[in-house]
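The structure appears right after this line, and notes come after that.
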Amino acid sequence: MTPVHFSFTSAFILGLMGLAFHRTHLLSALLCLEGMMLSLFIALALWALQFESTGFSTAPMLLLTFSACEASTGLALLVATARTHGTDRLQNLNLLQC
């Protein structure tokens, strides 16, 4: 495994571990998701450059577009949660209550 592959794999795994084990605030969970998506974007872009495939070069931009949509949706949910509940702590959120 090259150092480049190791760094992207470790960045993705660190984001996944942060999402799995450090779920106190909604903002920290969103940042972990964004870190995972950015590491996937960079790895996918370098993979397309490494194999010099022109047909696969649009996949990183499509992933980046979906990542931007995910980030905007997450921030909208964060604002809505902060307005209704007063905090973004995940322990205070109960999905069964309206």
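All residue numbers in this chain count up from 1 along the given sequence. Side chains are part of it too, since the values below use all heavy atoms of this structure and drop only hydrogens, waters and symmetry mates. The model shown is predicted, which means the values in this text are computed figures rather than measured ones.
Annotation: side chain of Glu70 is in contact with side chain of Leu33 (closest heavy-atom distance under 4.5 Å). In this structure, Leu46 and Phe8 have side chains that are in contact, with non-hydrogen atoms separated by less than 4.5 Å.
Rounding to the nearest 0.5 angstrom, the gap separating the OG atom in Ser7 from the CD1 atom in Ile42 is 8.5 Å. Atom CG of residue Leu19 and atom CE of residue Met36 lie 6.0 Å apart, to the nearest 0.5 angstrom. With values rounded to the nearest 0.5 angstrom, Met61 atom CE is found 11.5 Å from Ser67 atom OG. Taking CG of Leu26 as the start and CG of Leu31 as the end, the distance is 10.0 Å to the nearest 0.5 Å. To the nearest 0.5 Å, atom CG of residue Asp88 and atom CG of residue Leu27 are 6.0 Å apart. Considering CE of Met17 and OG of Ser10, their distance stands at 11.0 Å, rounded to 0.5 Å.
Under the 4.5 Å side-chain contact rule for hydrophobic residues, Ile13 and Phe21 share a cluster. Hydrophobic clustering of Ile, Leu, Val, Met, Phe, Trp and Tyr side chains at less than 4.5 Å, counting indirect connections, unites Val4 with Phe12. Taken together through direct or relayed side-chain contacts under 4.5 Å among Ile, Leu, Val, Met, Phe, Trp and Tyr, Phe51 and Leu40 form part of one hydrophobic cluster.
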Check your understanding: Given Leu90 and His25, is the side-chain contact (heavy atoms from CB on, under 4.5 Å) satisfied, shown in steps?
Key -> CA-CA 5 Å; Leu90 293 175; His25 294 281; 6.0 Å; no

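Side-chain contact, Thr2 with His5: a donor N or O sits under 3.5 Å from an acceptor N or O.
Counting all heavy atoms, side chain and backbone alike, Ser39 lies closest to Ala11 at CB-CB, 4.0 Å.
More than 12 heavy atoms of other shown residues, nucleotides or ligands fall within 6.0 angstrom of atom CD in Gln50.
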